[in-house]
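A quick write-up on the structure given underneath.
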2 protein chains.
Amino acid sequence: MNQLLEKRGLRATPHRVRIAQKVLQEHCHFTAEDICGWAGGLKKRLSRATVYNILNEFVAVGLLKSFYSSALGKTIYDSNTENHFHLYDTDKDQILDVDPSLVTVNTSGLKGYRIDQIEILMKGRRR
Amino acid sequence: MNQLLEKRGLRATPHRVRIAQKVLQEHCHFTAEDICGWAGGLKKRLSRATVYNILNEFVAVGLLKSFYSSALGKTIYDSNTENHFHLYDTDKDQILDVDPSLVTVNTSGLKGYRIDQIEILMKGRRR
DNA sequence: GAGTATTTTTAGATTCAATCTAATATTAAA
DNA sequence: TTTAATATTAGATTGAATCTAAAAATACTC
Ligand SMILES: [Mn+2]
Ligand SMILES: [Mn+2]
Ligand SMILES: [Zn+2]
Ligand SMILES: [Zn+2]
């Protein structure tokens, strides 16, 4: 974990390591407030500023991605940094990852434009 | 314009008519603050509450659509209520409509889910 | 080690879009 | 009219996110 951080130019401070352990071990979606609320076995709670600082550093160095969910009205941090899309399960009230191979997008009709980024947010439910 | 409103169950009050004229005549993207800032040849400025009330009523009855732009960090109201996608032109700092026929999306790989809504936000620029 | 510079963390203030409140104004119905 | 329903309002409030300026922790130099 320490090397993971240092390889990206971030000093492996206790707070960064603690958040990294919580968040980078397995793919998950979470909000900044989730981390603020999470004590993490610590004596003192992390400051809100620290949480936002660290999460946004993680995004900047590519350890996390983030996107705004209109469904939830806040920024979601995503430890799956692979290219993928999102499906908001309206039954479970939960954001699911969608492998991009399952959704084919063809933008070749868009002549005259170079598309740098595509974000797909689906809403649905189990049938 | 009055019939347009009344057909959807909204009384054609002066404020609603004024905003409808400003906003429904041609396809455009705008923010609530755009309307608040716009005097509209009126003696008194519209209250912020009124602007949000009316715009959200228009969305509720299908005269407008709205979506949140992460690029701009606020809700965009859209007088194009046809199904379409959005391209944020990073050069012009402007949101463009993309006809859905120009972008084909195939979600049939997503077995076990019924997709009710797809939102596609692209970023790009003229080539 | 001490001393100094740099980075990190912090509590609380601030921002800003958006909503809410509770009173007033306007329109409709009786 | 009088009364009821609807619309508009200024300002307060909310809540996510950022900013500030000071304290704490860490690294660097001698
Ligand atoms: Mn959450
Ligand atoms: Mn605008
Ligand atoms: Zn994801
Ligand atoms: Zn549009």
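Values below: every heavy atom of this structure, side chains too, minus hydrogens, waters and symmetry copies. All chains are named by letter (A, B, ...) in the order of the sequence lines, taking the proteins before the strands, and each is independently numbered beginning at 1.
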Counting side-chain heavy atoms from CB outward, which of dT10(C), dT9(D), dA13(C) is closest to R48(A)?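 Out of dT10(C), dT9(D), dA13(C), the nucleotide with an atom closest to R48(A)'s side chain is dA13(C).
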
Does [X] place a side-chain N or O at less than 4.0 Å from the phosphate oxygens OP1/OP2 of [N]?
X: H15(A); N: dA25(D); value: no
X: T75(B); N: dA18(C); value: yes
X: S47(B); N: dG11(D); value: no
X: T50(A); N: dT8(C); value: no

Applying salt bridge (charged side-chain N to carboxylate O under 4.0 Å, His left out), run through K74(A) and E33(A) and close with a yes or a no. CA-CA 10 Å; K74(A) 51 187 88 165; E33(A) 285 305 317; over 6 Å; no

[X] [atom1] - [N] [atom2] separation (whole Å):
X: D34(B); N: dA18(C); atom1: CG; atom2: P; answer: 11 Å
X: E33(A); N: dG15(D); atom1: CD; atom2: C1'; answer: 9 Å
X: E6(B); N: dT27(C); atom1: CD; atom2: P; answer: 13 Å

Look for any protein N or O under 3.5 Å of an N or O in nucleotides 23-25 of chain C and output each such pair with its distance, or none.
none

Given H29(A), which partner from the list N80(A), D97(A), D34(A) fulfils the side chain to side chain donor-acceptor pair (under 3.5 Å) test?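 Among the candidates, only D97(A) passes.
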
Would you kindly compare R11(B) and Y52(B) by the position of their nearest DNA chain C nucleotide and give the one closer to the 5′ end?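 Nearest nucleotide further toward 5': that of Y52(B).
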
Where each residue is assigned the nucleotide of DNA chain C containing its nearest heavy atom, which of P14(B) and A49(B) is assigned the position nearer the 5′ end?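 The residue whose closest nucleotide sits nearer the 5' end is A49(B).
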
Would you say N53(A) and T50(A) are linked by a side-chain donor-acceptor pair, where the criterion is simply a distance under 3.5 Å?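 No donor-acceptor contact under 3.5 Å links the two side chains.
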
With sequence neighbours left out, write down each residue that passes ring-ring contact (aromatic ring centres under 6.0 Å, His included) with Y68(A), or none if nothing qualifies.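 Counting only residues at least two positions away or on another chain, Y68(A) forms a ring-ring contact (aromatic ring centres under 6.0 Å, His included) with Y68(B).
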
Under 4.0 Å from any atom of DNA chain D, heavy atoms only: list the residues of residues 54-64 of chain A that qualify, in numerical order.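 Only N56(A) qualify.
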
